[in-house]
2 protein chains.
Amino acid sequence: MPGPHKWRHRFQAHVTRWTVPREAILNLLMSRPSKHMSAKEIYASLYRMYPGIGLTTIYRTLDLLVRAGLINRFTSGDGQNMYEFKSEEKKEHHHHLTCIQCGKIIDYSDFVEEELEFIKKIEESLARKHNFKVLGHNIEFYGLCDKCK
Amino acid sequence: MPGPHKWRHRFQAHVTRWTVPREAILNLLMSRPSKHMSAKEIYASLYRMYPGIGLTTIYRTLDLLVRAGLINRFTSGDGQNMYEFKSEEKKEHHHHLTCIQCGKIIDYSDFVEEELEFIKKIEESLARKHNFKVLGHNIEFYGLCDKCK
DNA sequence: TTACTAATGAAAATGGTTATCATTATCATT
DNA sequence: AATGATAATGATAACCATTTTCATTAGTAA
Ligand SMILES: [Mn+2]
Ligand SMILES: [Mn+2]
Ligand SMILES: [Zn+2]
Ligand SMILES: [Zn+2]
């Protein structure tokens, strides 16, 4: 019997039932904004409090949350998917700086203003030129972090 | 007994022997610049002329070519890696526009000038701010193509 | 409380990629 | 051209993140 929740209504636009695992997964991601986690890491975190939880449900719920627009999914260097809670604030839009050695992921939001403006310009051009409906973008820089270089 | 090859010297900076499978893979990718192929697709293409070729060797050679800087590797929407021959010309630097419905990948190089300038600016800022050595970037826009929207 | 059925989770399947290892082929040397 | 050291190959099995299957459980409207 899950409880009330700030995001319950948004969730329910995509799915009918509000369940314990769904609440747990969303709460975990919300509790650590700007924390990047894999499905396995989420499973490990929740296993203590919910020993019965299944990895399958984690994957399904993450899909759901991505579709509902509450979290972001991106692919880390080693191929597995990572997830992070998506803040409501536009100003917190950010991109990633990834260390190819240790896998560390740094959020950065320098030049967001300029960047978003530039991105918008490119998107409009691409939409016109290729008759393409642009829905989003992935921008990532990679290299060696402080410790690894 | 593989033959001479334009890139043989560049190849041999990373590895000692010049072999038939290596030549075949490189030739295939060179013959279709701006064509994006998966390891499996490369395997299928080469199988006719080289029925003995192994998928393992394809993966190993692709790694090699990426390390040698002759090809690009990037991850497609469905998780598998794609490869493309990398042109020498700086001016042919491009990014990708991917259809999330049918998987079509469009190369675009609009705004490369501005884009590269902007990227350089960000890279310098990130290097300074996070003491990070930036080695490259991945920039991709996604959405729905002409046919799929 | 009941009934409907969406959601769950254990188990098996999938699929791309990597590791192992006996065999083969390249290439410097003879 | 023949030899030999060993890098490279390829068949096979392993790996591992993710998905599918299906019997069971639990959320919700009535
Ligand atoms: Mn982030
Ligand atoms: Mn391309
Ligand atoms: Zn690092
Ligand atoms: Zn399409």
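Every chain is numbered from 1 and lettered A, B, ... according to where its sequence line falls, protein lines coming before strand lines. Source: prediction; values computed, not measured.
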Task: Closest listed nucleotide, where the reference is the side chain of Thr19(A) and the choices are dA17(D), dG27(D), dA8(D) - done: dG27(D)

Open item on the list: So, OP1 or OP2 of dT18(D): does either fall under 4.0 Å of a side-chain N or O from Asn81(A)?
Closed with: yes

Task: Over all atoms of both residues, closest heavy-atom pair of Tyr43(A) and Ile53(A) - done: CE1-O, 3.3 Å

Open item on the list: Partner lookup for dT29(C), please. Criteria are Watson-Crick or G-U wobble with both distances under 3.5 angstrom; report none if nothing qualifies.
Closed with: dA2(D)

Open item on the list: From CZ of Arg22(A) over to P of dG27(D), roughly how many Å is that when rounded to an integer?
Closed with: 11 Å

Task: Salt-bridge contact Asp63(B)-Arg73(B) (side-chain N to carboxylate O under 4.0 Å) - done: yes

TODO: Round to the nearest Å and state the distance from Lys40(A) atom NZ to dC15(D) atom C1'.
DONE: 11 Å

TODO: With heavy atoms under 4.0 Å as the rule, sort Arg60(B) into base, sugar-phosphate or nothing.
DONE: base

Open item on the list: Starting the side chain at C-beta, find the nucleotide from dT26(C), dT18(D), dT28(D) nearest to Arg17(A).
Closed with: dT28(D)

TODO: Report yes if a side-chain nitrogen or oxygen of Tyr59(B) is closer than 4.0 Å to either non-bridging phosphate oxygen (OP1 or OP2) of dT18(C); otherwise report no.
DONE: no

Open item on the list: Distance check needed: dC15(D) P versus Gln80(A) CD, whole Å only.
Closed with: 17 Å

- [ ] Determine the contact category for Gly52(A): base if any of its heavy atoms lies under 4.0 Å from a base atom, sugar-phosphate if only primed atoms, P, OP1 or OP2 are that close, otherwise nothing.
- [x] sugar-phosphate

Open item on the list: If I take atom CD in residue Glu41(B) and atom P in nucleotide dG15(C), what distance separates them, rounded to the nearest angstrom?
Closed with: 15 Å

Open item on the list: If I take atom OG from residue Ser125(A) and atom OH from residue Tyr108(B), how far apart are they, to the nearest 0.5 angstrom?
Closed with: 9.5 Å

Open item on the list: Is it the case that the side chains of His96(B) and Asp107(B) hold a donor-acceptor pair, with the cut-off being a distance below 3.5 Å and no angle test?
Closed with: yes

- [ ] Using whole Å, report how far CG of Leu62(A) lies from P of dT18(D).
- [x] 9 Å

TODO: Round to a whole Å and report the spacing from OH of Tyr47(B) to C1' of dA11(D).
DONE: 12 Å

Task: Nearest to side-chain heavy atoms of Val20(B), which nucleotide of dT28(D), dG9(C), dT26(C) - done: dT26(C)

Task: Between C1' of dA25(C) and CD1 of Ile53(B), the distance in whole Å - done: 14 Å

- [ ] Rounded off to whole Å, could you give me the CH2-to-C1' distance for the Trp18(A) and dA26(D) pair?
- [x] 16 Å

Open item on the list: Closer than 4.0 angstrom, basic N to acidic O: yes or no for Lys121(A) and Glu114(B)?
Closed with: yes

- [ ] Could you please name the option among dT8(C), dT18(C), dA11(C) that lies closest to any side-chain atom of Pro21(A)?
- [x] dT8(C)

Open item on the list: Nearest to the Thr56(B) side chain among dG10(D), dT18(D), dG9(C), which nucleotide is it?
Closed with: dG10(D)

Task: Which residue lies more 5' along DNA chain D, comparing Leu55(B) with Met82(A) via nearest heavy atoms - done: Leu55(B)

